[in-house]
2 protein chains.
Amino acid sequence: MFTPIKTPKVYDQVIEQIKSKIKSGEIKKGDRLPSEREMAESLSVSRTSVREAIKALEVIGLVESKQGAGNYIRTDFHNSLFEPLSVMFMLQESSLKEMYDLRETLELQCAKLAATNIKDTEIDFLTVILDRMYEAESEEESLELDIKFHYLLAKASRNVLLINVLEVISQLMDEFIKASRMKILHEGNSRESLLEIHENLVKALKIRDEVKVCNAMQEHFDLIRKAYKYDK
Amino acid sequence: MFTPIKTPKVYDQVIEQIKSKIKSGEIKKGDRLPSEREMAESLSVSRTSVREAIKALEVIGLVESKQGAGNYIRTDFHNSLFEPLSVMFMLQESSLKEMYDLRETLELQCAKLAATNIKDTEIDFLTVILDRMYEAESEEESLELDIKFHYLLAKASRNVLLINVLEVISQLMDEFIKASRMKILHEGNSRESLLEIHENLVKALKIRDEVKVCNAMQEHFDLIRKAYKYDK
């Protein structure tokens, strides 16, 4: 059977470009966007596509259109009809410490719930990831496995709200996991100590011991905390 | 000086109506929306306004337009350009237990951070709210003060990421606080025990004792947990 081919919509691509400029920090809160004509020219798209994209961003409350003055990135998102949380996060320029505090609390809760709700097949999968982490030959590969490990654990919590929040902030989280690994390794901790922590987590999950799972996850975050020299 | 008058946009109102039908459960995941003509007629707006609203919902990944078949509420939100987290939550029909687990972890972290970061003026404000809670003459008034109390505490954490997440899920949280109060009071706990817990929180915040603040908040959640008979 054939499956319908999805043609990417032009306004979607315009929005993606704006979004990636927000992510990179090129566009900030309160900034004025280029005029529709300028954007259409530099993106090589029709002005209609630019207008559709801007309209959509206006509807979700990210862009404010000021009569005669152009389009601006909003400075506050209160009362926006749909809150684009990940973009709010990107525009907020939060500190790594804030990210740390949010991630610690969400992941500890995930680990705690996973201790009860994880399936045998998920434990098997975590074990496979762990084995591959031991064998990984580059930091890039290790990082990718590390991220996979944490997502799988989050899924095993079986709490869709928690998973949704983690998914929404995933773009930032990936950056955070990367930065944390670098920092931990830079601070003289060996790759082995990071691996050991993940192994302790899997061991505790295998016997479904909530206290041990939580302790292992706390140990994980204590390592990050120490590397960043955050107070406990 | 005059301030510019903001006329509510028609497409905004169309979206608001769709959103409120999602909130009430009338519209669910996978549902087909009425045709643009039908919607325009029943809302007494132009088809252009309906089209603008649908387009915006398509951009944020909430609605999927199927060639010749109409507009559908998406069943999954992966890879949506802008994730409308609160709507995702509403469509997910999460259990109160899931909401409990998310709220517990976020609020404990807020309380912990607030112990360090709360300002004197915020403690004063919490005290005023607490006094008014003691004097409240109706459950409606108590509920409103209870919600205010928790938001102020969240703000005092000074972690914008945490505050953002709580704000986004606030519509659900308000319902949760309401349901929890009813349940706690119904289970034979007196209004006084609820008040006492909030008072303990304020006392612990006044001396900025992190451990005591966390214990007081945990006591709060233990009461909810017991009322709902959730396992610890």
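Owing to the predicted nature of the structure, the values given are computational and were not obtained by experimental measurement. So that the names make sense, note that chain A is the first sequence line, chain B the second, and so on, each numbered from 1.
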Participant: For B:Ile27, enumerate each residue passing the side chain to side chain contact (heavy atoms under 4.5 Å, CB included) test, keeping only those at least two apart in sequence or located in another chain.
Facilitator: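 B:Ile27: side chain to side chain contact (heavy atoms under 4.5 Å, CB included) contacts with B:Ile18, B:Lys21, B:Ile22, B:Asp31, B:Leu33, B:Ile73.
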
Participant: Going through the distances and angles, do B:Leu106 and A:Val165 end up as a side chain to side chain contact (heavy atoms under 4.5 Å, CB included)?
Facilitator: CA-CA 11 Å; B:Leu106 292 175; A:Val165 175; over 6 Å; no

Participant: Mark yes when over 12 heavy atoms from residues, nucleotides or ligands other than B:Glu122 sit less than 6.0 Å from its CD; otherwise mark no.
Facilitator: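 Yes, CD of B:Glu122 has more than 12 neighbouring heavy atoms, counting only those of other groups under 6.0 Å.
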
Participant: Would the number of heavy atoms belonging to other residues, nucleotides or ligands and lying under 6.0 Å from CD of A:Glu144 be above 12?
Facilitator: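 Counting other residues, nucleotides and ligands, CD of A:Glu144 stays at 12 neighbours or fewer.
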
Participant: Under the criterion side-chain contact (heavy atoms from CB on, under 4.5 Å), which of A:Ile163, A:Val160, A:Leu162 is the partner of B:Glu98?
Facilitator: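 That would be A:Val160; it is the only one of A:Ile163, A:Val160, A:Leu162 passing the side-chain contact (heavy atoms from CB on, under 4.5 Å) with B:Glu98.
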
Participant: Between A:Gln67 and chain B, with a heavy-atom cut-off of 4.5 Å, which part of the residue counts as in contact: side chain, backbone, both or neither?
Facilitator: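 For A:Gln67, neither part sits under 4.5 Å from chain B.
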
Participant: By a 4.5 Å heavy-atom criterion (distance strictly below it), what part of A:Leu108 contacts chain B: side chain, backbone, both, or neither?
Facilitator: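 Neither; nothing under 4.5 Å.
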
Participant: With no hydrogens and no angle check, is any side-chain donor or acceptor of A:Gln109 less than 3.5 Å from a backbone partner on B:Leu102?
Facilitator: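 Not confirmed, A:Gln109 side chain does not pair with B:Leu102 backbone.
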
Participant: With rounding to the nearest 0.5 Å, note down the distance linking CG in B:Leu161 to NZ in A:Lys97.
Facilitator: 11.5 Å

Participant: Starting from the C-alpha separation in whole Å, work towards a yes-or-no answer on side chain to side chain contact (heavy atoms under 4.5 Å, CB included) for B:Lys55 and A:Lys55.
Facilitator: CA-CA 9 Å; B:Lys55 179 128 226 154; A:Lys55 179 110 202 171; over 6 Å; no

Participant: Working to the nearest 0.5 Å, report the span between NZ of B:Lys112 and CG of A:Asp101.
Facilitator: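 Those atoms lie 7.0 Å apart.
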
Participant: For B:Tyr228, enumerate each residue passing the side chain to side chain contact (heavy atoms under 4.5 Å, CB included) test, keeping only those at least two apart in sequence or located in another chain.
Facilitator: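 B:Tyr228: side chain to side chain contact (heavy atoms under 4.5 Å, CB included) contacts with B:Leu96, B:Ala179, B:Ser180, B:Lys183, B:Ile224, B:Tyr230.
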
